[in-house]
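Below is one structure; the comments refer to it alone.
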Amino acid sequence: MKKIESIIRPHLLDAVKNALQEIGVMGMTVTEVRGFGRQKGHTEMYRGSEYTTDFLPKVKIEIVLPDELVEAAVEVILRTARTGRFGDGKIFIFPVEEAIRIRTGERGESAV
Amino acid sequence: MKKIESIIRPHLLDAVKNALQEIGVMGMTVTEVRGFGRQKGHTEMYRGSEYTTDFLPKVKIEIVLPDELVEAAVEVILRTARTGRFGDGKIFIFPVEEAIRIRTGERGESAV
Amino acid sequence: MKKIESIIRPHLLDAVKNALQEIGVMGMTVTEVRGFGRQKGHTEMYRGSEYTTDFLPKVKIEIVLPDELVEAAVEVILRTARTGRFGDGKIFIFPVEEAIRIRTGERGESAV
Amino acid sequence: MRGLHRRWSREVLWGIGLLSLMGPTVWAQATSAPTVDAGDTAWVLTASALVMLMTAPGLALFYGGLVSQRNVLSTLMHSFFLLCLISVQWVVLGYSLSFGPDLGGIIGRLTYWGLKGVGGEPNAGMNVPHLAFVMFQGMFAVITVALITGTFVERIRFTAFVLFAVMWATLVYDPLAHWVWGGGWLGKLGALDFAGGTVVHISSGVSALVAALVIGRRRGYPEKVLPPHNLPLTILGAALLWFGWFGFNAGSALAANGLAATAFTVTHAAAAMAGLMWAFIEWKHRGKPTVLGTATGSVAGLVAITPASGYVSTLSALAIGIGAGVIGYWGVNILKPRLGYDDSLDVFGVHGLCGTWGALATGLFASRAVNPLGADGALFGNPGQLLVQLIGVVATWVLAAAMTFLILKVVALVTPLRVTEEEEIAGLDLVLHGEVAYNFLSPGMGGTAHVPARSDAAVAPVRAEEPSRGG
Amino acid sequence: MRGLHRRWSREVLWGIGLLSLMGPTVWAQATSAPTVDAGDTAWVLTASALVMLMTAPGLALFYGGLVSQRNVLSTLMHSFFLLCLISVQWVVLGYSLSFGPDLGGIIGRLTYWGLKGVGGEPNAGMNVPHLAFVMFQGMFAVITVALITGTFVERIRFTAFVLFAVMWATLVYDPLAHWVWGGGWLGKLGALDFAGGTVVHISSGVSALVAALVIGRRRGYPEKVLPPHNLPLTILGAALLWFGWFGFNAGSALAANGLAATAFTVTHAAAAMAGLMWAFIEWKHRGKPTVLGTATGSVAGLVAITPASGYVSTLSALAIGIGAGVIGYWGVNILKPRLGYDDSLDVFGVHGLCGTWGALATGLFASRAVNPLGADGALFGNPGQLLVQLIGVVATWVLAAAMTFLILKVVALVTPLRVTEEEEIAGLDLVLHGEVAYNFLSPGMGGTAHVPARSDAAVAPVRAEEPSRGG
Amino acid sequence: MRGLHRRWSREVLWGIGLLSLMGPTVWAQATSAPTVDAGDTAWVLTASALVMLMTAPGLALFYGGLVSQRNVLSTLMHSFFLLCLISVQWVVLGYSLSFGPDLGGIIGRLTYWGLKGVGGEPNAGMNVPHLAFVMFQGMFAVITVALITGTFVERIRFTAFVLFAVMWATLVYDPLAHWVWGGGWLGKLGALDFAGGTVVHISSGVSALVAALVIGRRRGYPEKVLPPHNLPLTILGAALLWFGWFGFNAGSALAANGLAATAFTVTHAAAAMAGLMWAFIEWKHRGKPTVLGTATGSVAGLVAITPASGYVSTLSALAIGIGAGVIGYWGVNILKPRLGYDDSLDVFGVHGLCGTWGALATGLFASRAVNPLGADGALFGNPGQLLVQLIGVVATWVLAAAMTFLILKVVALVTPLRVTEEEEIAGLDLVLHGEVAYNFLSPGMGGTAHVPARSDAAVAPVRAEEPSRGG
Ligand SMILES: Nc1ncnc2c1ncn2[C@@H]1O[C@H](COP(=O)(O)OP(=O)(O)O)[C@@H](O)[C@H]1O
Ligand SMILES: Nc1ncnc2c1ncn2[C@@H]1O[C@H](COP(=O)(O)OP(=O)(O)O)[C@@H](O)[C@H]1O
Ligand SMILES: Nc1ncnc2c1ncn2[C@@H]1O[C@H](COP(=O)(O)OP(=O)(O)O)[C@@H](O)[C@H]1O
């Protein structure tokens with residue numbers, strides 16, 4: 001089992017989710033995050049002050065999935081989350097030692 | 001050392017935290033997340049439109065803890081976070097290479 | 001490649017980010033979290049009720065970076081996020097199997 | 001109808017009295033055949049709008065900010081829906097029950113149903129159009145029912161709420177308004193209630209206590225209820241209540257005259273004093289003055305001055321405000337925790353107790369020097385007035401408590417009063433109304449819209465968050 | 001100017017008529033040489049302030065809560081900026097175009113540009129200062145333009161919006177106000193529009209429909225638009241609209257008299273009834289009554305009663321409210337999805353359709369028994385009035401639709417109407433105004449302030465969120 | 001008391017003057033023995049309520065939205081608590097100091113302490129009850145102190161704030177009101193200040209500047225302060241300020257007459273023009289018009305027109321609005337950054353500078369053609385008036401600056417003015433009031449309630465977020 005963490009643009013979440021669902025990803029967990037990277041931040045104006053922020057709104061998707069699904073999932077994300085501009089985000093892959101479904105106590109791949 | 005990540009129902013957080021504390025878990029970090037899975041989403045109505053969402057509010061608990069505490073913590077979560085209905089959530093276990101306490105610079109198990 | 005996850009005090013985020021940037025960290029992802037630990041929570045009053053909360057606002061920084069940068073980054077965080085009081089937070093280090101840049105498809109260290 | 005509106009005609013007489021002191025140049029307002037005076041009408045229309053504002057957005061926000069995020073819309077709905085529901089009840093039925101020709105001192109006849117024959121002509125004994133009086137009074141009916149809702153937020157079912165509201169307005173508010181202001185027995189007895197201490201505040205506050213007991217506590221109360229989700233909304237609501245209360249009390253003069261100015265002043269003074277008082281008690285008692293406490297205190301002061309507002313001096317108003325701060329604080333912070341009922345937003349503590357204090361305080365502080373056509377209170381040599389006030393208080397407590405109990409029992413026969421525990425966890429906004437108050441999430445996390453095609457218009461009932469699908 | 005203000009002078013005559021029934025003591029308001037009456041003036045000034053409140057914060061919040069979080073400021077800006085822009089247009093030009101000396105029944109002359117010679121003296125045929133009338137009418141102009149903005153939120157460019165607004169106010173609103181109220185041909189024809197069913201609601205609603213068609217749908221509509229981001233703001237806005245509408249309708253009596261009280265009452269009754277109605281239809285049709293539906297319904301009722309508010313009885317108002325609930329619900333929930341235009345905040349469904357219903361319903365329910373100087377409607381034996389109303393409706397539809405189309409085409413020649421798709425994703429607040437509505441983030445995540453030194457005052461244009469830097 | 005209220009009696013005379021032009025039918029308002037006129041009273045009571053609304057929720061929200069999330073309640077508390085505190089100070093003491101019988105042109109005698117002997121009878125030289133005048137003026141005292149608080153939000157300690165407020169009201173506001181309006185030397189000199197340009201805006205603005213300098217900058221200012229946390233609240237507040245300002249300025253006619261309508265109109269025109277102006281300057285200067293800028297601009301316009309509102313024409317009002325937009329923008333965007341003081345919410349830039357502009361502009365644009373009992377300004381042939389205005393401005397600057405400095409130094413002897421740096425980080429809401437504004441978190445993350453049993457009522461002082469426990 002692996003865990004995929006992917007940082008993407010918020011407005012593409014829906015498309016990514018739907019495409020992942022189609023290849024058999026049954027669950028995922030999503031978090032609102034702020035990303036700092038190559039993409040330039042923006043400037044806000046409030047009366048005499050300007051605020052520049054380097055932290056831009058992103059969405060983090062976390063998916064735990066069997067090893068054999070990993071490459072397919074990566075493909076899907078690369079395809080659906082790409083705009084070709086700075087800030088498209090990342091995919092990180094991590095090892096998972098165990099997964100357990102709370103409802104049933106099932107462990108391992110059948111739990112995800 | 002391991003890291004336990006557990007996705008649970010928000011209203012059970014308090015119960016889970018208290019039970020974990022009892023078995024000696026001294027710290028944890030909690031994040032509001034949205035989960036997609038087997039549990040059905042809900043529908044909202046605003047004038048002529050209906051919105052269905054598959055992303056449901058969940059809470060993610062992250063705990064870094066010594067290997068020997070892992071099973072006990074898993075037990076506790078399984079017991080306190082279970083309602084038996086779809087959507088109870090998951091427990092994932094990950095390897096940890098190092099833990100450091102910022103205040104003191106301590107490393108390893110004594111840091112958590 | 002490693003992933004550093006660090007829980008810090010929110011108001012120090014800016015200082016930490018700037019110091020990390022100086023040593024060549026090019027990107028990071030930040031999440032608002034709530035932390036439970038040795039630091040005491042606070043009490044709120046609303047009419048006849050008192051609310052005590054053990055979950056305090058923290059910020060989680062996630063950075064995926066090449067192995068050789070890890071120690072430098074840890075040093076920087078220890079230096080910039082420390083106040084010496086309970087609640088300064090943690091640094092956790094995790095193994096990373098792969099990193100991919102969505103925009104280009106690049107993999108490995110060049111992706112972060 | 002002449003002679004029924006005892007209270008109002010008093011004020012008119014007072015006007016005449018004063019005017020006669022001022023010489024003949026001011027005869028215009030004092031003719032015995034009442035005419036519509038533009039100034040008085042301007043004020044009463046303005047006051048009516050102000051009292052409307054008290055319910056929504058005033059009370060709606062005051063209450064809405066205090067509940068948890070998943071119940072804010074259902075709480076706003078209580079006030080907003082009542083603004084619709086009770087207003088229709090009022091023009092169809094309620095006004096006539098309250099202010100129609102007296103039937104045995106108990107209730108008004110249905111002469112004015114649907115406001116038949118009620119128009120722009122002056123109301124008996126007043127210089128404002130009959131319809132202006134209808135509207136001003138109607139706004140009181142609306143807010144009185146709305147006040148009660150604070151006790152059962154976060155758990156009452158909407159159907160039960162609707163049934164309760166209609167019955168309560170018809171069986172408690174309308175008779176009580178008739179008793180005190182519509183020519184009924186309490187008014188005839190000489191009970192002073194300038195702007196609704198008994199009719200509005202005691203009745204709603206006591207009913208709230210009974211409803212809290214009948215409907216029961218929120219799941220997890222007191223240990224596990226959630227803190228207020230949006231205090232700025234609550235402060236906004238409190239400030240709008242204060243603003244609207246000028247219409248409530250000073251409008252009750254039904255004229256733009258010295259009496260209205262008096263009522264305006266003592267209202268402001270009592271609210272300010274009670275807010276200060278509450279904050280200082282908190283400061284001493286618990287270490288910090290809170291914003292919510294200050295706002296709650298000022299509402300307590302507004303409640304307490306309401307029955308007295310046409311009869312007392314500014315210094316008396318300060319005293320009444322001090323009392324309201326102390327009594328309200330005690331009710332909310334000491335009494336409620338000790339007894340353990342879940343009157344969720346403190347309707348009893350603020351309206352029931354401070355309304356009672358105000359009604360009795362009127363019997364203490366009223367002075368003919370302020371209003372020659374009121375009465376003197378105990379402190380001005382007339383202890384009998386305190387007794388009359390006490391009778392009014394007791395009658396209101398009994399009527400409100402008994403009828404609320406009965407109505408809730410009847411409603412419970414027809415439909416459950418509370419949502420299920422699962423629904424309580426999911427929140428009433430989603431479960432009862434299919435809506436979510438705030439969508440601060442990133443795009444994509446907040447759901448996908450689809451506009452129902454014609455065929456699926458009769459959509460399956462919305463699922464709550466918590467329940468899973470079967471199997 | 002005498003004789004131009006046909007509608008107003010009617011009411012004055014009505015006053016005289018009533019007064020003569022009441023004997024000679026009330027002659028003061030009935031003198032033929034008009035004087036400033038303090039009571040009437042107090043009411044009209046109050047009403048003017050109330051109508052101002054309808055635009056901002058009323059409509060601003062009603063609309064602002066319904067859009068997504070990234071567009072709330074741009075939506076608030078529409079209303080707030082128009083309050084500035086159209087007010088200046090009004091005092092400089094608009095008032096004179098609308099109410100200046102008639103030019104062929106079509107438009108007013110520029111006699112009063114910059115309010116030259118307009119002061120505190122009574123306005124022709126009224127008991128209020130000329131300037132009070134100017135202000136009262138000016139607030140109507142402001143809100144009418146602001147109403148339209150609901151149709152093109154979340155995508156219109158600010159420059160296009162400003163140009164459109166100025167042209168629309170000058171080329172649609174001002175002439176139309178002149179036609180109906182300023183001495184123009186529609187008023188002379190006998191079309192009844194007490195407070196703006198045609199002038200305000202049909203004109204804005206129909207223009208909104210045309211604008212929705214010309215400007216086009218939001219990206220992703222209907223499947224992918226975001227749900228309302230802050231319904232409590234919307235409910236607050238709706239309640240403030242209701243509150244302000246008392247000024248709108250009852251203020252249109254331009255006096256604090258029986259007619260004002262009538263208008264106040266039927267306004268309240270229709271709003272309440274329509275809110276109830278909408279909620280009940282939802283309850284039956286979709287399983288749950290919603291807060292937004294109830295609020296929308298009450299606004300629909302307010303719209304529908306507007307033209308009728310000086311001419312109908314309370315029971316008729318309830319009927320008009322029922323109609324508004326049904327028609328508004330149908331327009332918003334059935335018609336719009338079926339036709340597929342993106343009138344984003346339902347300006348056409350609520351204002352266009354219910355305004356049309358109200359204008360026609362005036363031709364049905366108007367009664368001289370209510371207002372002797374109005375007219376009888378079809379239900380009271382005068383079917384001809386319905387025809388006159390129909391002419392008014394058709395004329396307004398045609399003027400509004402044709403001119404809006406033209407104006408938008410002209411504006412599009414000068415500047416693009418919409419932002420780019422990338423900008424739409426980033427949100428108008430940041431892209432057009434460089435501001436973000438809410439900063440609920442932890443300190444440190446919300447950006448670093450720097451105060452621009454003098455030299456970099458001419459800062460580079462702010463970058464949007466989505467676009468990356470080149471390379 | 002007769003003769004003291006120089007300004008008011010002027011308006012009454014003006015009324016008489018106008019009325020005499022209109023023939024004998026309108027004698028009612030012009031009798032020399034003043035009587036309570038219902039229309040005037042309706043307007044003054046309404047205006048009093050409107051001015052109350054300006055402080056809370058108006059100013060409270062305008063300010064509250066601009067601070068960071070952790071300080072919003074403490075900011076709301078400033079306004080709400082002052083509404084309580086200064087209102088009590090006013091009825092007990094302040095009114096008498098301001099408007100009691102004159103003592104050497106400097107201060108009023110304590111004749112009216114506790115509003116003894118002040119009742120419903122007409123106030124000297126006016127047609128409204130004495131108490132209506134008391135309330136109207138009292139709301140001015142409240143908001144003036146509240147305006148200052150914008151300068152020291154996010155860092156002042158509550159105790160210091162309370163002490164400062166009471167002393168400032170008593171030692172600055174009350175004398176100044178007496179000087180200008182209460183029969184004092186400035187009024188006698190002929191300084192024109194229709195509704196409070198000097199008394200309210202210059203005094204609060206200049207005091208804010210001094211307070212900013214004495215109390216010092218927020219930690220991290222200017223680089224690290226947080227952006228506004230909730231701009232929709234601020235826009236709501238700005239709109240409510242505008243709405244309430246109709247009461248402030250048009251109410252200052254103390255009658256519902258042509259002068260009130262004039263003041264209403266020029267107020268609206270100046271606000272609209274200044275809002276437009278600010279937005280256009282931003283658009284040119286920085287590339288985008290902002291919502292906050294437009295709202296700030298309109299407030300600047302309202303400030304500037306305040307002293308002039310009873311004396312100038314509509315076209316002059318537009319000119320004053322343009323000036324306010326330019327000067328306010330310059331003060332806030334150029335001057336403040338350059339000088340580096342942390343007047344956090346721009347009280348000096350908006351109220352101090354634009355108030356000064358307004359007071360001087362009154363000396364330019366005032367015209368007897370508008371108000372025969374005012375004076376002509378420099379542009380209408382009377383340059384002397386500008387000098388008189390300048391004296392008023394200088395006197396106010398000196399009084400406000402010197403006394404504020406002194407008061408703060410005295411308070412600092414008793415109690416620290418600022419919270420500690422750690423408390424500043426944790427936020428004043430939690431540290432000073434033990435409350436948190438928003439709880440949007442999932443249930444379970446927001447804390448556990450427990451109702452304090454009787455014994456632990458004297459709870460340990462609440463800990464701040466940041467400090468850890470010892471050891
Ligand atoms: N080293 C990193 N560790 C963790 N997250 C990163 C890292 N680098 C980038 N990110 C995340 O990826 C997002 C996109 O990265 P960015 O450098 O802006 O553009 P690109 O994806 O085109 O390389 C960032 O906003 C941040 O959330
Ligand atoms: N493969 C997965 N990877 C990450 N998170 C998951 C995964 N599957 C489920 N989740 C999380 O667990 C939650 C519960 O899962 P769900 O399938 O709804 O029910 P159950 O826990 O009963 O299996 C989801 O809402 C999601 O947050
Ligand atoms: N075992 C743990 N696993 C995950 N996060 C932890 C753990 N212990 C502490 N934390 C996080 O670190 C934060 C600081 O820890 P705390 O014990 O309060 O102080 P200190 O950092 O001084 O040890 C906590 O608020 C929590 O977010």
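Below, chain A is the first sequence line, B the second, and so on; all start at residue 1. Note that the structure is predicted; figures quoted are calculated from it, not measured.
- Contacts between residues 44-54 of chain F and chain D, counted as heavy-atom pairs separated by less than 4.5 Å, involve F/Leu45, F/Thr46, F/Ser48, F/Ala49, F/Leu50, F/Met52, F/Leu53.
- Under a 3.5 Å cut-off, the side chain of D/Lys288 and the backbone N or O of F/Leu430 do form a donor-acceptor pair.
- Neither the backbone nor the side chain of F/Thr75 comes within contact range of chain D; no heavy atoms are under 4.5 Å apart.
- Under the 30°/60° scheme for interplanar angles, the aromatic rings of D/Trp242 and F/Phe80 are found to stand perpendicular.
- Residue F/Val134 does not touch chain D at all, counting heavy-atom pairs closer than 4.5 Å.
- Heavy-atom distances place no part of D/Ala274 under 4.5 Å from chain F, backbone and side chain included.
- Identified by a heavy-atom distance below 4.5 Å to chain D, the contributing residues of residues 61-74 of chain F are F/Leu61, F/Val72, F/Leu73, in residue-number order.
- For chain D, the nearby part of F/Val92 is the side chain; its heavy atoms alone come within less than 4.5 Å.
- Only the side chain of D/Trp283 comes within contact range of chain F, with at least one heavy atom under 4.5 Å from a heavy atom of that chain.
- The minimum heavy-atom distance between D/Ala256 and F/Ala42, with the atom names listed, is CB-N, 3.6 Å.
- Taken to the nearest 0.5 Å, the CG atom of D/Leu226 stands 12.5 Å off from the CE atom of F/Met445.
- Using a 4.5 Å heavy-atom cutoff, the side chains of D/Pro227 and F/Val436 are not in contact.
- Minimum interatomic distance between F/Leu76 and D/Pro232 (heavy atoms only, all atoms of both residues): CD1-CA, 3.8 Å.
- With a 4.5 angstrom heavy-atom cutoff, D/Phe246 touches chain F only via side-chain atoms.
- The greatest number of non-hydrogen atom pairs below 4.5 Å with chain F, out of D/Ala269, D/Ala271, D/Ala239, D/Gly321, is found for D/Ala239.
- The two residues F/Pro129 and D/Gly258 make their nearest non-hydrogen contact at CG-CA, 3.8 Å.
- Put simply, NZ on F/Lys116 and CG on D/Leu315 are 5.5 Å apart, with the number rounded to the nearest 0.5 Å.
- Residue F/Leu83 holds its CG atom at 11.0 Å from OG1 of D/Thr294, rounded to the nearest 0.5 Å.
- Interface check for chain D: of the options F/Ser79, F/Gly119, F/Gly114, F/Ala60, the most heavy-atom pairs under 4.5 Å are formed by F/Gly114.
- In this structure, F/His130 NE2 and D/Thr265 OG1 are separated by 10.0 Å, a value rounded to the nearest 0.5 Å.
- Taking CG of F/Leu131 as the reference point, atom OG1 of D/Thr314 lies at 5.5 Å (rounded to 0.5 Å).
- Scanning both residues, D/His268 and F/Ser87, for their nearest heavy atoms gives NE2-OG, 2.7 Å.
- Residue D/Leu233: no heavy atom, backbone or side chain, is found under 4.5 Å from chain F.
- Here the shortest heavy-atom pairing between F/Glu435 and D/Val291 reads OE1-N, 2.7 Å.
- With rounding to the nearest 0.5 angstrom, the OH atom of F/Tyr438 is 9.5 Å from the CG atom of D/Leu231.
- Counting only distance, with no hydrogens or angles, the side chain of D/His229 and the backbone of F/Asn439 share no donor-acceptor pair below 3.5 Å.
- Considering only heavy atoms from C-beta on, F/Thr41 stays 4.5 Å or farther from D/Asn257 through its side chain.
- Highest contact tally toward chain F, considering only D/Pro222, D/Gly244, D/Ala437, is held by D/Pro222 [criterion: heavy-atom pairs under 4.5 Å].
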